[in-house]
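Just the heavy atoms: all of them, side chains too, but no hydrogens, waters or symmetry mates, feed the values below.
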Amino acid sequence: MDITFLGGPRGQRGLGVVAPFDFALDRELWRWTPDDVSLHLTRTPYVPVEVSLDLARRVSEHETLGDAVRTLIAVAPEAVAYACTSGSFVGGIAGERAMCEAMTRAGAMPAVTTSGALAEALAELGARRIALVTPYTESVTRALEEYVAEAGGTVTGRAFMGLTRHIWKVPYREVVEMAHRAVRSPGSADALFISCTNLPTYDVIPQLEAELRIPVISANQVTMWAALRRLGTRAVGPYQALLDASARAWPPVLREPPVLPEEEQQQEGWT
């Protein structure tokens, strides 16, 4: 059957993504991507190091980033995103900005990192009290706390898993449990951030927002949200506060009425 009368293929816009060598959630990034945008992924070279601050520094070296961005130039993406949280917060705010500059120099295109996108998302939501969920060890989690503080936030609660490998295998059930540990009580945080681009979060965000009644943002979500804004377009997804301003209004938290002493209860009954 002749289909040439349909024209096409449909034009596409390109978004480059530089991910660490162990990144396993390509499909999750695509779920936030509108139909007219194609993702062009490349990875940093393998290094025999487990998830740690040492690995974060190695996968964010400027030479490594420059080489990765140059592999994308042939397909002409309009922007490039570095999809790694620890690799982009390990050097603090100044280090994150220097990474963006290094990627822009290598490819002459706008660049964003996951941690830079996190700071943008917190500003967008007006969130200053932040609860954290991470799959990391305590030392890597502490470095994220320092980055959040440098960005103007206050960490009000945290829960970490202590993992150094195979993070993409964590089930949603465990992510939900950790989220409830991090948000200790209603009203204790303005937002929850679930860190690590290798931790699956796409389907669990609406559930957690409904349960916790605060915006819930994740590493892959903020990365795609910020990167697609560089293209002048929007990330797509289910009911998520970061992507839809109308989803940021929750009903007030219902509190249990105070228990009155027995005498007062009896008196209240008579009145």
I'd like to know if Val133 and Ile130 are part of one continuous hydrophobic network [Ile/Leu/Val/Met/Phe/Trp/Tyr, side-chain heavy atoms within less than 4.5 Å]. yes
Check: Glu150 side chain, Ile93 main-chain N or O, donor-acceptor pair, under 3.5 Å: yes
Rounded distance [0.5 Å steps], CG in Leu65 versus CD in Glu101: 12.5 Å
Please check if the side chain of Arg129 supplies one atom and the backbone of Gly187 the other of a donor-acceptor pair under 3.5 Å. yes
ILVMFWY network linking Phe160 to Tyr147, side-chain heavy atoms under 4.5 angstrom: no
For Arg234, the side chain to side chain contact (heavy atoms under 4.5 Å, CB included) test, sequence neighbours excluded, returns none
Within the structure provided, determine whether Thr113 and Met103 are in side-chain contact (heavy-atom separation under 4.5 Å). yes
If we only count heavy atoms from C-beta on, is the Pro135 to Ile167 side-chain gap below 4.5 Å? yes
For Phe23 and Leu41, the nearest pair of non-hydrogen atoms, with its separation, is CE2-CD2, 4.0 Å
Is there a side-chain contact between Thr164 and Thr137, using heavy atoms and a 4.5 Å cut-off? yes
List the steps and the verdict of side-chain contact (heavy atoms from CB on, under 4.5 Å) for Val148 and Thr154. CA-CA 7 Å; Val148 170; Thr154 299; over 6 Å; no
Determine whether the side chains of Thr44 and Thr64 contain a donor N or O and an acceptor N or O closer than 3.5 Å. no
Not counting sequence neighbours, which residues clear salt bridge (charged side-chain N to carboxylate O under 4.0 Å, His left out) with Arg229? List them please. Glu120, Glu124
Answer yes or no: is there a side-chain heavy-atom contact under 4.5 Å between Leu243 and Val236? no
Any idea which heavy atoms bring Pro34 and Thr233 closest together, and the distance? CG-OG1, 4.1 Å
Short question: side chain of Arg13, backbone of Leu231 - any donor-acceptor pair under 3.5 Å? yes
Is the shortest side-chain heavy-atom distance between Leu144 and Leu132 below 4.5 Å? yes
Test your reading of the model: is there a side-chain donor-acceptor pair from Arg248 to the backbone of Pro215, 3.5 Å cut-off? no
Set of residues satisfying side chain to side chain contact (heavy atoms under 4.5 Å, CB included) with respect to Arg128, sequence neighbours excluded: Asp190
So if you build clusters from Ile, Leu, Val, Met, Phe, Trp, Tyr with side-chain heavy-atom gaps below 4.5 Å, do Val17 and Val112 land together? no
In the structure I gave you, are the side-chain heavy atoms of Val183 and Ser188 within less than 4.5 Å of one another anywhere? yes
Trp225 and Gln240 side chains, donor-acceptor separation under 3.5 Å: no
Among His40, Arg230, Met109, find the one that has a side-chain contact (heavy atoms from CB on, under 4.5 Å) with Val80. Met109
Distance from Arg43 atom CZ to Cys84 atom SG, nearest 0.5 Å? 12.0 Å
So does Ala56 get a backbone contact from the side chain of Ser60, meaning a donor-acceptor N/O pair under 3.5 Å? yes
Of all heavy-atom pairs linking Ala179 and Leu192, the shortest is CB-CD2, 3.6 Å
To the nearest 0.5 Å, how far apart are CG in Asp67 and CD in Glu61? 10.5 Å
CH2 of Trp32 to OG1 of Thr223, rounded to nearest 0.5 Å, is 9.0 Å
Check the pair Ser195, Tyr136 against side chain to side chain donor-acceptor pair (under 3.5 Å), reporting the backbone distance first and the verdict last. CA-CA 9 Å; Ser195 190; Tyr136 312 132; 2.8 Å; yes
Give me each pair satisfying side chain to side chain donor-acceptor pair (under 3.5 Å) with a member in residues 169-179, each pair once, sequence neighbours excluded. Tyr172-Asp203
Quick one: sort the Phe21 and Tyr46 rings into parallel, tilted or perpendicular, breaks at 30° and 60°. perpendicular
Check the pair Leu15 / Leu228 against side-chain contact (heavy atoms from CB on, under 4.5 Å), numbers first and verdict last. CA-CA 8 Å; Leu15 174 63; Leu228 289 164; 4.3 Å; yes
CG/Asn220 to CG/Leu29 distance, rounded to the nearest 0.5 angstrom? 4.5 Å
Going from OG on Ser218 to CZ on Phe193, what distance comes out if it is rounded to the nearest 0.5 angstrom? 7.0 Å
Strictly by salt bridge (charged side-chain N to carboxylate O under 4.0 Å, His left out), give each pair with a member in residues 130-145 just once, sequence neighbours left out. Glu138-Arg142, Glu138-Arg158, Glu145-Arg158
Report yes or no: does Thr114 contribute a side-chain atom to a donor-acceptor pair with the main-chain N or O of Tyr82 at less than 3.5 Å? yes
Would you say Asp36's side chain and Gln12's backbone share a donor-acceptor pair under 3.5 angstrom? no
Would you say the side-chain atoms of Glu96 pair up with the backbone N or O of Ser115, donor to acceptor, closer than 3.5 Å? no
Apply side chain to side chain contact (heavy atoms under 4.5 Å, CB included) to Ala189 and list each qualifying residue two or more places apart in sequence or on a separate chain. Ala131, Thr156, Ile214
Does some side-chain heavy atom of Ile194 sit less than 4.5 Å from a side-chain heavy atom of Ile217? no
Using every non-hydrogen atom in the two residues, find where Ile73 and Gly107 come nearest and quote the distance to one decimal. CD1-CA, 4.1 Å
Side-chain (Ser52) to main-chain (Leu55) donor-acceptor, under 3.5 angstrom: yes
On a heavy-atom basis, the closest approach of Pro200 and Trp168 is CG-O, 3.5 Å
Has Glu28 got a side-chain atom pairing as donor or acceptor with Tyr202's backbone, closer than 3.5 angstrom? yes
Any carboxylate oxygen within less than 4.0 angstrom of a Lys/Arg side-chain nitrogen, looking at Asp26 and Arg31? no
So do Glu211 and Val176 actually touch side chain to side chain, heavy atoms under 4.5 Å? yes
How far apart are the closest heavy atoms of Thr197 and Ala219, and which atoms are they? N-CB, 3.7 Å
